[in-house]
Amino acid sequence: MLKFLSKVRIEFNALDPRIASCMEFLAQCNARKAKESNPACQVVVKRRTDDHPPQITVTFVNGIEEVFDATSTPAQNIRTMILEKGRYLETEQMFRDAGESWPVMIPEEELHQFAPGTKPRKAEEKKQ
């Protein structure tokens, strides 16, 4: 998960009962496997003393920053969203490295073309 991120900022008030998501996400970030995937990723914890709701801010390696409301978003959902966005970034980079334009534009007429199945049908095999 951390391999797609350059910075993680977790903010919460330790006395707030809604910090479960922050604590779980922090544990995931501190896991050995996560740290090994990107040792350069900066994990910052800010303990607040005000009533500001718990939040998690992540900065992707391409500089895009995303803020998650940790009161209503479980840590696993945040992790899943990061992995999905990371796979998207990897795909985009792969296309750019190959000299292809991004995003890929598929002509409208190709979207409606028939695409044969990849597995032969058993009924067709028996006829032949």
Rounded to the nearest 0.5 Å, what separation is found between the [atom1] atom of [X] and the [atom2] atom of [Y]?
X	Y	atom1	atom2	answer
F95	Q93	CZ	CD	12.0 Å
I82	L5	CD1	CG	5.0 Å
Q55	I10	CD	CD1	11.0 Å

Compare every heavy atom of [Y] with every heavy atom of [X], then report the nearest pair and how far apart it is.
X	Y	value
L89	N62	CD2-ND2, 3.0 Å
L2	K35	CD1-N, 4.1 Å
M1	C29	CE-SG, 4.1 Å
D16	H52	OD2-O, 4.4 Å
A14	I19	O-CD1, 3.9 Å

Polar side-chain atom of [X] near backbone of [Y] as donor-acceptor pair, under 3.5 Å:
X	Y	answer
T73	A70	no
N13	D51	no
S21	A75	yes

What I'd like to find out is whether the side chain of N30 reaches to under 4.5 Å of the side chain of Q28, using heavy atoms alone.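 Sidechains of Q28 and N30: no contact.
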Side chain proximity check, I64 to K85, heavy atoms < 4.5 angstrom: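 The answer is yes, as the side chains (C-beta and beyond) meet within the 4.5 Å cut-off.
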Could you go step by step and tell me if K3 and E90 meet the side chain to side chain contact (heavy atoms under 4.5 Å, CB included) rule? CA-CA 11 Å; K3 75 177 186 174; E90 278 185 334; 3.5 Å; yes
When you group the ILVMFWY residues by side-chain heavy-atom contacts below 4.5 Å and let the links chain together, are F25 and V67 in the same group?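 Per the 4.5 Å side-chain linkage, V67 and F25 are not co-clustered.
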Verify side chain to side chain contact (heavy atoms under 4.5 Å, CB included) between F4 and V58, making sure each step is shown before the conclusion. CA-CA 10 Å; F4 303 118; V58 296; over 6 Å; no
Could you tell me whether R79 and E84 make a salt bridge, using a distance below 4.0 angstrom between a side-chain N and a carboxylate O?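 Looking at R79 and E84, the cut-off is not met.
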Out of P17, P54, C22, which residue meets the side-chain contact (heavy atoms from CB on, under 4.5 Å) rule with T71?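 Single side-chain contact (heavy atoms from CB on, under 4.5 Å) partner of T71 among P17, P54, C22: P54.
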Checking N77 against T80: is there a side-chain donor and acceptor pair closer than 3.5 Å?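 No, no side-chain donor-acceptor contact under 3.5 Å.
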Check the orientation of Y88 and W102. Use parallel for under 30°, tilted for 30 to 60°, and perpendicular for over 60°.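 Perpendicular: the ring planes of Y88 and W102 meet at over 60°.
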Pairs satisfying salt bridge (charged side-chain N to carboxylate O under 4.0 Å, His left out), at least one member in residues 93-114, at least two apart: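 The answer is E92-R96.
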For side chain to side chain contact (heavy atoms under 4.5 Å, CB included), just list the numbers for V43 and L26, CA-CA rounded to whole Å, side-chain angles, deciding distance to a tenth of an Å, and then say yes or no. CA-CA 8 Å; V43 179; L26 180 59; 4.1 Å; yes
Under the criterion side chain to side chain contact (heavy atoms under 4.5 Å, CB included), I'd like the reasoning laid out for T57 against V8: C-alpha separation, chi angles, the key distance, then a yes or no. CA-CA 6 Å; T57 306; V8 176; over 6 Å; no
Checking R47 now: which residues fulfil side chain to side chain contact (heavy atoms under 4.5 Å, CB included) with it, not counting sequence neighbours?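 Residues passing side chain to side chain contact (heavy atoms under 4.5 Å, CB included) with R47: F12, V45.
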